Peer 1: 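One structure, pasted below without further comment.
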Amino acid sequence: MEEINDGNLGQVRHVVLVLSGKGGVGKSTITTELALALKHAGKKVGILDVDLCGPSIPRMLSMGRPDVHQCDSGWVPVYTDTQKSLALMSIGFLLEDPDEAVVWRGPKKTALIGQFVSDVAWGELDVLLVDTPPGTSDEHLAVLENLKKHRVDGAILVTTPQAVSTGDVRREITFCKKTGVRILGIVENMSGFVCPHCSECSNVFSKGGGEELAEMTGSVFLGCVPLDPLLSASIEEGRDFAQSFPDSATFSAISSISQTLLNSLQTD
C-alpha cells in the first residue's frame, strides 16, 4: 500500500474507520483498546475522535482537557506518552464545558470534521483510527468526503451479539457498499461475561451474532471481545488494560484482532 502523500496525512500509512450501526455497543472502547494493542505491538498510532456529541476517548485514555496547541501545519495532537507513540485529537479538547451539549446544525459539524481531517499535524503514523458517531449521518459523509481526498483503507464494524444490534450493523454494511468503503472486518463486542472470581465466560446476551453476520455478508470476522469487569474498570479509570492485564483472555482477544487487522492492512 502506498502512503498518503499530501497534507497533514502525508506520513500516515493507513486510515481505518471504526463504525457501528447503533450506540452503546462499545465502539469507542474497541477503538481505544485496538489503539493500545497496536501501540504495544510497536506501532505509532493516532485516534481521531469525531463522535461530536459523545467524545469519550479522552476520558478512556485519562487525558483530561489539555490545551490544544497550533503549529504552522495546524492543530498539534495530544500525546498519551513521552515516546509520542499514541496521538489523539478529540472535540472533547475544544469544548469549554465538558458537560456542554453540542447543539449544532449539520453545516457546522461538517466544517469542524473537515478541519479535524485536514488540519491536525499527525506526523508519522502507522495507523490512524477514526472513531465515528453511531449510525450513517452527516458526520460519516463529511468524514468520508474529506478523507477520500487522501485515502481510506477501510472500516471495522462493531456489534454486540443480539439480533437488534446486528440488524443495525447490516445497514452499516449497506452504507459502506454504497460509499465504496472496504469492510476490513466485524468485531463482536460484549460476547459473554467474564466472571471476576473464576474467569469463566457466560453468555449474558446471545453469542455468535457477529460471526453469523460476517458469514451472511461475506465479511471477515475479526473476533469476539467479552464483557470483562477488569476491562470496564480500566476504561473508567483511564488505565492501560493491556499493560495492567497482559495475560488475560480479554487482552489476548483484543491483541489477536489488532494483529489480524495489521496483517490485512499490510497485505492489501
Side-chain angles (χ1 to χ4, degrees), residues 1-19 27-51 55-58 60-63 66 68-94 112-132 142-156 158 181-182 184-185 187 222 240 242-243 254-255 257-268:
M1 170 72 67
E2 295 180 359
E3 291 186 7
I4 296 172
N5 56 12
D6 56 335
N8 280 327
L9 292 170
Q11 294 178 284
V12 178
R13 294 182 178 85
H14 301 288
V15 178
V16 176
L17 305 178
V18 184
L19 306 174
K27 172 180 50 58
S28 295
T29 296
I30 294 297
T31 302
T32 300
E33 295 307 318
L34 278 179
L36 290 169
L38 290 168
K39 172 190 165 187
H40 285 290
K43 303 300 179 182
K44 297 189 75 170
V45 189
I47 301 176
L48 180 61
D49 181 8
V50 293
D51 192 348
S56 53
I57 289 184
M60 292 179 175
L61 290 172
S62 194
M63 297 307 299
V68 175
H69 302 287
Q70 290 199 327
C71 64
D72 292 341
S73 303
W75 286 321
V76 178
V78 177
Y79 294 95
T80 64
D81 57 339
T82 55
Q83 293 78 28
K84 296 187 176 181
S85 55
L86 179 52
L88 171 65
M89 178 54 71
S90 170
I91 182 64
F93 296 151
L94 305 180
L112 180 60
I113 288 171
Q115 280 187 285
F116 266 30
V117 171
S118 61
D119 293 347
V120 179
W122 293 107
E124 184 178 351
L125 292 179
D126 293 301
V127 182
L128 176 63
L129 298 172
V130 184
D131 185 42
T132 64
V143 168
L144 287 177
E145 286 170 4
N146 284 278
L147 281 175
K148 279 190 171 181
K149 299 171 187 174
H150 311 281
R151 189 198 67 245
V152 178
D153 289 78
I156 294 172
V158 181
V181 176
R182 176 188 170 205
L184 296 169
V187 174
L222 293 173
D240 185 338
Q243 193 172 48
I254 295 167
S255 180
I257 291 169
S258 70
Q259 190 57 55
T260 303
L261 171 63
L262 270 182
N263 293 341
S264 175
L265 293 173
Q266 290 168 354
T267 57
D268 184 22

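None of the values given here were measured: they were computed from a predicted structure. The first residue of the sequence shown is numbered 1, and numbering continues consecutively from there.
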Peer 1: Checking side chain to side chain contact (heavy atoms under 4.5 Å, CB included) for the pair S264/L184: CA distance, chi angles, key distance, verdict?
Peer 2: CA-CA 7 Å; S264 175; L184 296 169; 3.9 Å; yes
Peer 1: Can you tell me how far the CD1 atom of I113 sits from the OG atom of S118, to the nearest 0.5 Å?
Peer 2: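 The CD1 atom of I113 sits 11.5 Å away from the OG atom of S118.
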Peer 1: Can you find a heavy atom in the side chain of T80 that is under 4.5 Å from one in the side chain of D240?
Peer 2: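 Counting from C-beta outward, T80 and D240 never come under 4.5 Å.
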Peer 1: Might you work through the side chain to side chain contact (heavy atoms under 4.5 Å, CB included) test for D49 and D131, ending with a clear yes or no?
Peer 2: CA-CA 5 Å; D49 181 8; D131 185 42; 3.6 Å; yes
Peer 1: Taking C-beta and beyond as the side chain, do I47 and L61 meet within less than 4.5 Å on heavy atoms?
Peer 2: yes
Peer 1: Heavy atoms only: give me the nearest K39-L86 pair and the separation to one decimal.
Peer 2: CD-CB, 4.2 Å
Peer 1: Taking L17 as the fixed residue, which of V130, V50, I156 is the one that meets the side chain to side chain contact (heavy atoms under 4.5 Å, CB included) rule?
Peer 2: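 Of the listed residues V130, V50, I156, the side chain to side chain contact (heavy atoms under 4.5 Å, CB included) partner of L17 is V130.
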Peer 1: Could you tell me if the side chain of M60 sits less than 4.5 Å from the side chain of T31, heavy atoms only?
Peer 2: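 T31 does not reach M60 side chain to side chain.
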Peer 1: Is any side-chain heavy atom of L88 closer than 4.5 Å to a side-chain heavy atom of M63?
Peer 2: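 L88 vs M63: side chains touch.
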Peer 1: Would you say the side chain of K27 lies within less than 4.5 Å of the side chain of T132, judging by non-hydrogen atoms?
Peer 2: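 Side chain of T132 against side chain of K27, heavy atoms only: contact under 4.5 Å found.
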Peer 1: Over all heavy atoms of both residues, which pair between W122 and P77 is shortest? Give the atoms and the distance, please.
Peer 2: CZ3-CB, 3.9 Å
Peer 1: Quick check: closest heavy atoms across P55 and P58, and the distance to 0.1 Å?
Peer 2: O-CD, 3.7 Å
Peer 1: Once you round to the nearest 0.5 Å, how far does CG of L129 lie from OG of S28?
Peer 2: 11.5 Å
Peer 1: Between K44 and D126, does at least one N-O distance fall below 4.0 Å, as a salt bridge requires?
Peer 2: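 Looking at K44 and D126, the cut-off is not met.
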Peer 1: Of the non-hydrogen atoms in L128 and L48, which two are nearest, and what is the gap between them?
Peer 2: CD1-N, 4.0 Å
Peer 1: Might you point out which heavy atoms bring H40 and A242 nearest each other, and give the distance in Å?
Peer 2: CD2-CB, 3.5 Å
Peer 1: Please check this pair: side chain of N8 against backbone of S73, looking for a donor-acceptor N/O pair closer than 3.5 Å.
Peer 2: yes
Peer 1: Between OG1 of T29 and CD1 of I254, what distance do you get to the nearest 0.5 Å?
Peer 2: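 It comes to 9.0 Å.
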Peer 1: Are D51 and S56 close enough that some pair of their side-chain heavy atoms sits under 4.5 Å apart?
Peer 2: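 The answer is no; the side chains never approach within 4.5 Å.
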Peer 1: Is the shortest heavy-atom distance from the side chain of V16 to the side chain of L265 under 4.5 Å?
Peer 2: yes
Peer 1: Which heavy atom of A121 sits nearest a heavy atom of Y79, and at what distance?
Peer 2: O-OH, 4.5 Å
Peer 1: Take L34 and V187 through the side chain to side chain contact (heavy atoms under 4.5 Å, CB included) test and state the conclusion after the steps.
Peer 2: CA-CA 11 Å; L34 278 179; V187 174; 5.6 Å; no
Peer 1: When rounded to the nearest 0.5 angstrom, what distance separates OG in S258 from CD1 in I30?
Peer 2: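 Reported to 0.5 Å precision, the distance equals 11.0 Å.
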Peer 1: Quick one: do M89 and V68 satisfy side chain to side chain contact (heavy atoms under 4.5 Å, CB included)? Show the steps, please.
Peer 2: CA-CA 9 Å; M89 178 54 71; V68 175; 3.8 Å; yes
